[in-house]
Structures are given as structure tokens and as C-alpha cells.
Amino acid sequence: MATANLIGDPRPPAMASPGYGKRSAPDQAPRRRDDFAHLPEREACIASHIDRLPDGAAIDTKTLAATLPAYGQQAVRSGLNALSHAGHLRRVREQVGEGRTQWVFRTYFSRTPRGDAWWACFLAGDVPDDAIDSPVAAAPRLPAEVHPDEEPPPRPARTARAARSDAYETLAALGRTDVRLTLSAAECAALESLAAEWLARGVTPSDFARILTAGLPDVVHSPGALTRKRLIDKLPPEPVRTPQAAAPAAPRRLMECTGCRTPGRPEALPGGLCRPCRGDLSDEPPGPTEAEIHSRVERLRAAVRAVR
């Protein structure tokens with residue numbers, strides 16, 4: 001078979017309507033030359049072609065058959081069913097939009113074959129939508145070269161200090177609003193827990209300063225003591241608890257049969273295929289025989305005649 005036929009059409013890929021088409025599944029292994037060596041030639045060709053398409057590309061049967069001239073639509077359809085059975089793709093209906101009101105039809109593809117349990121978790125939103133990159137070890141840093149006749153570079157001055165809480169910073173800023181309430185570091189630390197309660201009740205730093213500095217006497221002999229008294233006496237009430245908005249729901253996804261697009265729960269579509277598309281009809285309940293049908297009809301006719 002010619003290599004050009006296996007590679008497919010070199011033109012830019014046809015793109016599906018916005019929101020539709022191919023979607024890459026998360027947590028895939030890095031691409032390798034033998035990703036699809038376990039598949040037959042036809043399925044490996046189709047999978048390799050889909051793997052190199054960008055997200056949003058059209059990968060319906062008609063489009064793939066047009067870009068893979070070695071295979072017709074029926075062969076592509078059978079190949080997609082086989083790829084679904086092998087765990088490389090699933091067809092999904094998914095709700096999108098702000099109000100989750102619009103349904104789109106997507107085909108999630110994974111070069112890493114996945115089992116039914118993984119796909120079921122993904123449809124339930126238990127698998128992150130963004131792929132997790134493999135951690136790359138950082139290159140070791142080499143020490144700077146120092147010549148014997150040169151002095152080592154000076155060390156940078158230490159500028160880091162212990163992080164201070166918002167309550168501490170808010171108390172320390174009172175003196176900038178009114179110098180009569182200038183507090184020492186020890187006083188800020190002692191009053192920190194009282195100020196934290198104000199901030200926890202929704203008071204902003206600007207309102208905090210405005211309330212505590214309003215109506216001060218002309219002379220304040222003990223800013224720390226006066227601030228403590230005002231923090232206790234003017235403590236605002238706890239805010240009314242409003243119910244928190246519900247967290248955004250995980251995307252609602254509904255699996256479809258890869259072959260006939262019949263929707264169903266993941267457990268009803270093992271390998272992404274319904275029973276007829278799998279050719280598995282062994283567990284279908286047996287229908288009535290011809291003799292049983294005739295007997296039932298005769299009983300119905302007799303019942304009708306008895307009524308008359």
C-alpha cells in the first residue's frame with residue numbers, strides 16, 4: 001500500500017463547527033512511534049491520523065474517508081468501532097454554555113488506550129479536563145566559578161522579614177490616619193487578635209481606621225489602651241450569613257454508541273458500543289414461536305366472540 005494513502009491528505013484538516021469535533025482526552029502518555037503498534041493496519045492508520053489532528057477537527061466518517069483515500073466510509077466506520085472497543089475513543093454528548101443548556105457532540109480521543117472504568121470516571125467529571133504534563137527535572141545549578149585571586153561576590157543583604165497579618169498591618173496604619181493613635185509594634189501584636197475579629201466580620205481597613213479614629217480626644221495619653229477599649233466597645237455585629245452559591249457543576253456528559261450514536265449509560269455501552277453494534281445478541285430474550293403467536297391470536301378471537 002502506498003505511503004501517501006496511509007498518511008492521508010496533506011491539506012489543512014477540516015474543522016468541525018465551534019464546540020464540536022475532536023477533543024483530546026487528559027492524562028495521555030507522550031507521543032511515540034509505536035503508540036498504535038498493537039492495532040491492525042487499518043485501525044493504526046486511522047488512529048495515527050486522528051492523533052495528529054488538532055482539537056476541533058472534524059473526525060466523522062465522511063470526513064475521515066475523504067482524507068484517507070485508502071479506506072471508504074464503511075471501512076472507516078468499522079475502524080472507528082474497533083478503536084472505540086480498544087479504548088482509544090468515545091463519542092459523547094456534552095452540555096456547554098453558561099446555563100448548561102446547549103448540547104454539543106464531541107469525540108474524545110486518547111492515544112493511550114483506556115478501560116471502560118476510566119471513561120466512566122471521565123464522563124462523571126472525576127478526571128481533570130486538562131492534561132497533566134510529566135514533571136521535568138530541573139537541570140542542576142553549577143556553582144559560580146571563583147578565581148583564587150578574586151574576592152567572592154558580596155552576599156545580598158537580608159531583606160526578608162516575618163510575614164505580618166492583615167490585622168497587624170491595619171493596626172499599624174492607624175497612625176497614618178490620625179497620629180494620636182500611633183501604636184508601637186508590641187501594641188499592634190497585643191491587639192492583633194481583636195483587630196482580626198473586626199476584619200473577619202467584613203470591616204474593610206479603611207472603615208476600620210475611620211471608626212477607631214472618629215471622635216478622639218484632643219490629647220491621647222495611651223494610644224494602646226484607648227485602641228483596645230474601642231476595639232471591644234465598637235465591635236460590629238456578625239454579618240448575616242447568606243447561603244453560598246453552589247459550586248459550578250461538572251460538565252454533564254452522555255456517552256453515545258460509536259457505531260450508531262445511540263445514547264446510553266457507560267455500563268450499557270462497554271467498549272463504547274451498544275449490543276447490536278457489538279454483535280452481541282446472545283442475552284436478548286427469545287421471542288415467541290410461530291405456534292405461540294397463533295395460539296395467542298385464537299385466544300383473543302375467542303374472547304371477542306364471547307363478549308358479543
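Counting only distance, with no hydrogens or angles, the side chain of Ser84 and the backbone of Gly271 share a donor-acceptor pair below 3.5 Å. For Arg106 (side chain) and Arg23 (main-chain N/O), no donor-acceptor pair under 3.5 Å exists by modelled atom type. Panel note: side chain Lys22, backbone Ile50; a donor-acceptor pair is recorded below 3.5 Å. Remark: side-chain polar atoms of Trp119 are not paired, donor with acceptor, to backbone N or O of Pro266 under 3.5 angstrom. No side-chain donor-acceptor contact under 3.5 Å links Arg114 to the backbone of Arg111.
Proximity of Leu83 to Leu39: side-chain heavy atoms (C-beta onward) are separated by under 4.5 Å at one or more points. Leu231 is not listed as a side-chain neighbour of Arg228, based on a closest heavy-atom distance of 4.5 Å or more. Between Trp198 and Ile211, some side-chain heavy-atom pair lies under the 4.5 Å cut-off. Residues Thr170 and Val203 are not in side-chain contact: their nearest non-hydrogen atoms beyond the backbone lie 4.5 Å or more apart. Contact check for His88 versus Ser110: no side-chain heavy atoms found under the 4.5 Å cut-off. In this structure the side chain of Met15 reaches within 4.5 angstrom of the side chain of Pro54, judged on heavy atoms. Side-chain contact between Cys260 and Pro276 is absent, with no heavy-atom pair separated by less than 4.5 Å.
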Residues Leu174, Leu183; criterion side-chain contact (heavy atoms from CB on, under 4.5 Å); working and verdict
CA-CA 8 Å; Leu174 285 176; Leu183 303 175; 4.2 Å; yes

Report the C-alpha separation of Asp116 and Arg90 in whole Å, then their side-chain angles, then the decisive distance to 0.1 Å, and conclude whether the side-chain contact (heavy atoms from CB on, under 4.5 Å) test is met.
CA-CA 10 Å; Asp116 289 333; Arg90 288 293 188 274; 2.8 Å; yes

Decide side-chain contact (heavy atoms from CB on, under 4.5 Å) for Glu187 and Thr227; before the verdict, give the C-alpha distance in whole Å, the side-chain angles of both, and the deciding distance to 0.1 Å.
CA-CA 9 Å; Glu187 289 171 329; Thr227 303; over 6 Å; no

Walk me through whether Leu171 and Arg164 qualify under side-chain contact (heavy atoms from CB on, under 4.5 Å).
CA-CA 11 Å; Leu171 287 166; Arg164 302 193 301 193; over 6 Å; no

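Under a 4.0 Å N-O distance rule, the pair Arg91/Asp60 does not qualify as a salt bridge.
Atom CG of Leu194 sits about 13.0 Å away from atom NZ of Lys229, to the nearest 0.5 Å. For the atom pair Arg201 CZ and Phe208 CZ, the distance stands at 13.0 Å (nearest 0.5 Å). Between Leu273 atom CG and Arg278 atom CZ the span is 7.0 Å, to the nearest 0.5 Å. Rounded to the nearest 0.5 Å, atoms CD1 (Ile232) and CZ (Arg230) are 13.5 Å apart.
Within 6.0 Å of the CG atom in Asp166, the count of heavy atoms belonging to other residues, nucleotides or ligands does not exceed 12. Within 6.0 Å of CZ on Arg31 lie more than 12 heavy atoms contributed by other residues, nucleotides or ligands.
Heavy-atom minimum distance, Ile46 versus Leu80: CG2-CD2, 4.1 Å. When all heavy atoms of Cys277 and Cys257 are compared, the closest pair comes out as SG-SG, 3.6 Å. Across Leu64 and His49, no two heavy atoms sit closer than the pair CD2-CD2, 3.7 Å. Of all heavy-atom pairs between Ala75 and Tyr71, the closest is CB-CB, 3.9 Å. Closest of all the heavy-atom pairs between Cys188 and Tyr168 is CB-CE1, 3.5 Å. Leu181 and Leu212 get closest at one heavy-atom pair: CD1-O, 3.5 Å.
Under the 4.5 Å side-chain heavy-atom criterion for ILVMFWY residues, a single connected hydrophobic cluster contains both Leu269 and Tyr108. Val179 and Leu216 fall into different hydrophobic clusters, where Ile, Leu, Val, Met, Phe, Trp and Tyr are joined by side-chain heavy atoms under 4.5 Å apart, directly or via other members. A continuous path of Ile, Leu, Val, Met, Phe, Trp and Tyr side chains, each step under 4.5 Å between heavy atoms, connects Leu89 with Leu68, placing both in one hydrophobic cluster.
Checking Ser48 against Arg52 by side-chain atom types alone, a donor-acceptor pair falls below 3.5 Å. Counting only N and O atoms by type, the side chains of Glu192 and Ser165 include a donor and acceptor under 3.5 Å apart.
Evaluated for a side-chain hydrogen bond (donor to acceptor under 3.5 Å, both in side chains) with Arg180, the options Thr182, Thr177, Asp178 yield exactly one hit, Asp178.
Ring geometry, Trp118 versus Phe122: the interplanar angle falls under 30°, so the pair is classed parallel (tilted spans 30 to 60°).
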